[in-house]
A.B. asks: 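Here it is, the structure, as structure tokens.
Keep in mind that the numbers below use all heavy atoms, side chains included, and drop hydrogens, waters and symmetry copies.
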Amino acid sequence: MVLALVAVLIAAAVAALVVQARRLESESARERVLAVGETFANSPGIVRALDGPHPTAVLQPRTETARKRAGIDNIVVSTPQGIRITHRNPYFIGKHVYGPYKKAAHGTAFTKTSVSPLGLTVNAVVPVFRPNGSVAGLVFPEIKVKNVNETVTRQLPILFGTSGAVLGLAAVGSVLVGRRLRRQTRGLRPAEMTRMYEHHDAVLHAVREGVLIIDDDRLLLANDEARHLLDLPHDAEQRTVAELGLDPDIDGLLASGRAATDEVHPAGDRLLAVNVRSTAPYGEPSSRVVTLRDTTDLRALAGRAEVAWERLKLVYDAGVQVGTTLDVVRTAEELAKVAVPRFADFVTVELADPVLRGEEPAGATAEMRRTAFCGIREDAPLFPVNQLIRFLPAMPQTEALRRGRAVLEPDLSAAPHWRAIDRERSGRVLDFGIHSLVSVPLQARGVILGIADFWRSESEAFEEDDLSFAEELAARAALAIDNARRYTREHAMAVTLQRSLLPHGLPEQSAVEAAHRYLPAYAGVGGDWFDVIPLSGARVALVVGDVVGHGLHAAATMGRLRTAVHNFSALDLSPDELLGHLDELVTQVDSAAEDEEPEVSGATCLYAIYDPVTGRTTAARAGHPGPALIDPDGTVSFPDVPVGLPLGLGANLPFEIAEFDVPAGSRLVLYTDGLVQNRDRDLDTGLHLLRTVLADTADRTPEATCQAVFEVMLLERPSDDIALLVARTRLLDPGQVAEWDVPSDPAAVAPIRAACVRRLDAWGLADIGYATELILSELITNAIRYGTQPIRVRLLHDRTLICEVSDGSSTSPHLRRAKTTDEGGRGLFLVAQFAERWGTRYTARGKVIWTEQSLHDNAGAAGPALGEALLDLFDDDL
């Protein structure tokens, strides 16, 4: 049966593949002949030939050449009236074409399947337009249906061979599975297996003791008594122990794998005596059998002990978990989270608005804003967070604020004053199941900061014994909130400034995988910064800088320098030129500063450019520590980058650059001096420690490398800012790069353009091929006309399509709007319209004009009118 089923499925799959392949080949043939017809109809010189005195003499050899290159069976060119001008068989030249063509004669291209002198063919009819929009002729490319189907026929032996192999594997697999089943059942017949199972099952479910069998933390079997005692779901078998929803004590015991003898653990409203034993030597060594007995008589005593122990543990956890930050809202949320669900089912915290702003309340107020909420469910109909609540005089919260002590409402349904604030919402709260409330004021140093409300719905109602414990929790939280309040304003100002000046996230690019860390000094905001800046040609700039000092001035200066680096990077400057301009800028800023303004002294910067095409890095530094390089094999080195003077000293000395190869998968580590040099270690010691840490991070991601460096290198209270940037390099696949040398001959434009189009088709970018042809034609023509050798064209298939045309001159084109009387000047304007970005990059041997196009750009689908206007840019002599 298995083999028959496999055979049927294979036959159905083969039939479906053949049908689908034939359909796809037919559709491909239609698209192919239409594309050939469009290309030939729009080729340079065809209109002039059609309107010339001898169209057959000019076009017959061109159609034969195009037919052979395109791999189709025939290309026919006719007049708009259907008289053939060219044909593969000269006998048909001058005769009338077969089939409909008048639709194309009116300007609409179409495809059809028809019978021609070649037999049954798939052909297209494409009009050839004059510049004025009239139809000069028709192009009929044809391909035989027989040739289309031959491709599918050649694939049939492979399909049948694969199907036979699959059928053979299925037969072998069936034999192996049958043999394994016989070994596992130890030769027992099906009837014997069934009888043995029935006997074991009857005994297992008849005993009044729960039995579980667990293998590798997965439940294999549970009898009826175990399901009843543990309230297991019906599909508990084959689940892991953690997925069964057991009480934490039993869950921990079963997950630990240790043996146990009559250990008492709570399970819902029961106390169970649990025994755990291994099944060895009667079963697998990893399997365990668990037996459970109900010992609920001990529940009362165990319950009181458990409550006392839970209260002590909760107080301890509150001391550790509440007040971990100097943030008022976060501290209120920590109070709410620590009490749910161990003390209350829902907790809400309301604070006075001045407290949230970091101010001290002027006095007790009954108007507070809900700041935190936590509960066992998210859909409780209580007032939402951030809502301003005004408590009425007779409400429990108002009474708690007046007395300065906790107030208990054991039954909310019998508390009419509580319901007076919003009777509709109060009714929904009661319907939801919330039935009991304890309100506790949050006060520190005699000042009321807010109020905490503890609500219960599924647990038993609060009692008087719970008030002292609620007050203890609130007192601890109030101290933490008061500490956070006093630092909120200063902390908010510092954080706002830092976040506004440092990068909020790294830009998308393919050259490197980057991760970063920034840690301000314990004294406050500083002037360290980092950046990852995408450049043209898929390159990326890695920047780390440092402004010595702390405070708002250092942070503001850092922001100015970072902005300047971004602006200079947009000019595609080399690292040494960029640092030179940055040095001049800092010097000018210092000279323009007034006497009371501090100077920008002690600013350093490291600027490196990585090229993912060549794997080469160019770097320069101004008084900054050099980078570290981790090779793919884990070797750590510090490339020799010549050090220049810090920025702004006014020495006007040039900066030097260093170039070195970086293998793919290497990690470049850029950092500020605060990481390696501090009050406890000098620079050499810090660099040695950094080398040791980086050597231990082999095969780690940049994020893990940052984490490892910070764990080892950081002090508890750093005296200086620390910025760390780790970038793992990537290389573009050679298949993503295409290059061509261009001779100084206008006739070379068309072959280079055609080669580029073929490469775009290979990359699956035919949709933007039209716009790319226009861009390359303009740039290559300009390079030949105005540039010098060597001229090269390079295409990069990255996140965008990058087109680069380089030559040996340093003259840069400028975008301008041509006048109506100008004969030229419109090409670069069209390049700017079709490209997402474009620009000029100067090199040591000339310049590079580059453009970037979105891979999903619709420029390649421009309308016919725009296409006719753009075709005028091409030289018909090419």
Side-chain angles (χ1 to χ4, degrees), residues 200-201 204-205 207-280 282-296 298-299 302-303 305-307 309-314 316-318 320-321 324 333-334 336-347 374-380 456-459 703-704 707:
H200 291 178
D201 190 60
L204 180 68
H205 294 289
V207 297
R208 303 306 301 167
E209 188 172 84
V211 178
L212 304 173
I213 297 179
I214 299 174
D215 184 20
D216 287 334
D217 292 332
R218 187 173 296 277
L219 180 62
L220 299 182
L221 185 143
N223 67 349
D224 294 340
E225 184 68 11
R227 292 177 179 275
H228 173 69
L229 294 176
L230 298 178
D231 194 19
L232 296 177
H234 67 281
D235 57 347
E237 278 85 2
Q238 301 306 321
R239 289 191 182 187
T240 62
V241 174
E243 297 173 344
L244 297 178
L246 304 178
D247 283 73
D249 286 349
I250 295 181
D251 190 12
L253 173 61
L254 299 183
S256 67
R258 63 181 178 86
T261 302
D262 288 335
E263 291 189 8
V264 179
H265 295 275
D269 57 351
R270 299 181 179 88
L271 285 176
L272 303 180
V274 184
N275 292 273
V276 182
R277 292 288 186 276
S278 173
T279 59
Y282 306 103
E284 295 292 336
S286 60
S287 298
R288 305 185 305 279
V289 60
V290 181
T291 61
L292 310 165
R293 295 195 311 274
D294 190 356
T295 59
T296 312
L298 300 176
R299 177 180 180 181
E306 181 184 0
V307 170
W309 180 80
E310 285 290 340
R311 293 289 172 85
L312 290 175
K313 189 174 185 301
L314 182 55
Y316 171 78
D317 291 343
V320 174
Q321 299 176 14
T324 59
E333 292 173 347
E334 290 171 345
K337 289 180 180 179
V338 78
V340 175
R342 292 187 288 177
F343 179 66
D345 297 325
F346 301 93
V347 176
C374 184
I376 58 177
R377 292 174 57 182
E378 296 293 333
D379 56 344
R456 283 186 178 176
S457 61
E458 299 182 2
S459 307
E703 184 68 27
Q707 185 65 28

A.B. asks: Please report the closest heavy-atom contact between Ala260 and Leu253, naming both atoms and the distance.
C.D. replies: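 Result for this residue pair: CB-CD1, 4.0 Å.
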A.B. asks: So how far is it from Glu243 CD to Asp235 CG, rounded to the nearest 0.5 Å?
C.D. replies: 10.0 Å
A.B. asks: With sequence neighbours left out, write down each residue that passes salt bridge (Lys or Arg N to Asp or Glu O under 4.0 Å) with Arg277, or none if nothing qualifies.
C.D. replies: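 Result, salt bridge (Lys or Arg N to Asp or Glu O under 4.0 Å) vs Arg277: none returned.
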A.B. asks: Just by distance, no angles: are the side chains of Thr261 and Asn275 close enough, under 3.5 Å, to form a donor-acceptor pair?
C.D. replies: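 Short answer, no.
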A.B. asks: If you define the side chain from C-beta out and look only at heavy atoms, does anything of Ile214 sit under 4.5 Å from Ser287?
C.D. replies: no
A.B. asks: Could you check if a side-chain atom of Ile213 sits within less than 4.5 angstrom of a side-chain atom of Leu219, using non-hydrogen atoms only?
C.D. replies: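 Result no, sub-4.5 Å side-chain heavy-atom pair not found.
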A.B. asks: Evaluate the side-chain contact (heavy atoms from CB on, under 4.5 Å) criterion for residues Ile250 and Leu230: first the C-alpha distance (whole Å), next the side-chain angles of each, then the deciding distance (0.1 Å), finally the verdict.
C.D. replies: CA-CA 10 Å; Ile250 295 181; Leu230 298 178; 3.9 Å; yes
A.B. asks: Any side-chain heavy atom of Val276 within less than 4.5 Å of one from Glu263?
C.D. replies: no
A.B. asks: Does Leu254 offer a backbone N or O that forms a donor-acceptor pair with the side chain of Arg288 under 3.5 Å?
C.D. replies: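 Answer holds: yes.
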A.B. asks: Do you know the tightest heavy-atom contact between Asn223 and Gly210?
C.D. replies: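 Minimum heavy-atom contact is OD1-CA, 3.6 Å.
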A.B. asks: State, with a plain yes or no, whether a side-chain heavy atom of Val264 is found less than 4.5 Å away from one of Leu272.
C.D. replies: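 They are not in contact (no side-chain heavy atoms under 4.5 Å apart), so the answer is no.
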A.B. asks: Is there a donor-acceptor contact under 3.5 Å from the side chain of Asp251 to the main chain of Leu246?
C.D. replies: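 Flag not set: sc Asp251 to bb Leu246 has no pair under 3.5 Å.
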A.B. asks: Is there a side-chain contact between Glu458 and Pro341 in this structure, where contact means two heavy atoms from C-beta onward sitting under 4.5 Å apart?
C.D. replies: no
A.B. asks: Let me see the working for Thr324 and Glu334 under side-chain contact (heavy atoms from CB on, under 4.5 Å), right down to the final yes or no.
C.D. replies: CA-CA 9 Å; Thr324 59; Glu334 290 171 345; 2.4 Å; yes
A.B. asks: To the nearest 0.5 Å, how far apart are CD in Glu378 and CZ in Phe346?
C.D. replies: 9.0 Å
A.B. asks: Could you please spell out the steps behind the side-chain contact (heavy atoms from CB on, under 4.5 Å) verdict for Ser278 and Val289?
C.D. replies: CA-CA 6 Å; Ser278 173; Val289 60; over 6 Å; no
A.B. asks: Drop me the distance from Leu292's CG to Glu209's CD, to the nearest 0.5 angstrom.
C.D. replies: 7.5 Å
A.B. asks: State, yes or no, whether a side-chain contact exists between Val290 and Val211 at a heavy-atom distance under 4.5 Å.
C.D. replies: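 They are not in contact (no side-chain heavy atoms under 4.5 Å apart), so the answer is no.
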A.B. asks: Within 45° of the axis and under 6.0 Å from the centre of the six-membered ring of Phe343, does NZ or CZ of Arg456 qualify?
C.D. replies: yes
A.B. asks: Does the Arg227 side chain pair with the main chain of Pro233, one donor and one acceptor, at a distance under 3.5 Å?
C.D. replies: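 Yes; judged by distance alone, with no hydrogens or angles, the pair exists.
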A.B. asks: List the atom of Val347, the atom of Ala339, and the distance in Å for their closest heavy-atom pair.
C.D. replies: CG2-CB, 3.9 Å
A.B. asks: List the steps, then state whether side-chain contact (heavy atoms from CB on, under 4.5 Å) holds for Lys313 with Arg342.
C.D. replies: CA-CA 10 Å; Lys313 189 174 185 301; Arg342 292 187 288 177; 3.7 Å; yes
A.B. asks: Run the numbers on Asp262 and Arg293 for salt bridge (charged side-chain N to carboxylate O under 4.0 Å, His left out), then give the verdict.
C.D. replies: CA-CA 9 Å; Asp262 288 335; Arg293 295 195 311 274; 2.8 Å; yes
A.B. asks: Closer than 3.5 angstrom, by distance alone: can the side chain of Asp345 be matched with the main-chain N or O of Gly375 as a donor-acceptor pair?
C.D. replies: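 A pair under 3.5 Å: no.
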A.B. asks: So does Gln238 get a backbone contact from the side chain of Arg218, meaning a donor-acceptor N/O pair under 3.5 Å?
C.D. replies: yes
A.B. asks: How long is the gap from CD on Glu237 to CG on Leu232, to the nearest 0.5 Å?
C.D. replies: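 Answer for the CD-CG pair, Glu237 versus Leu232, is 8.0 Å.
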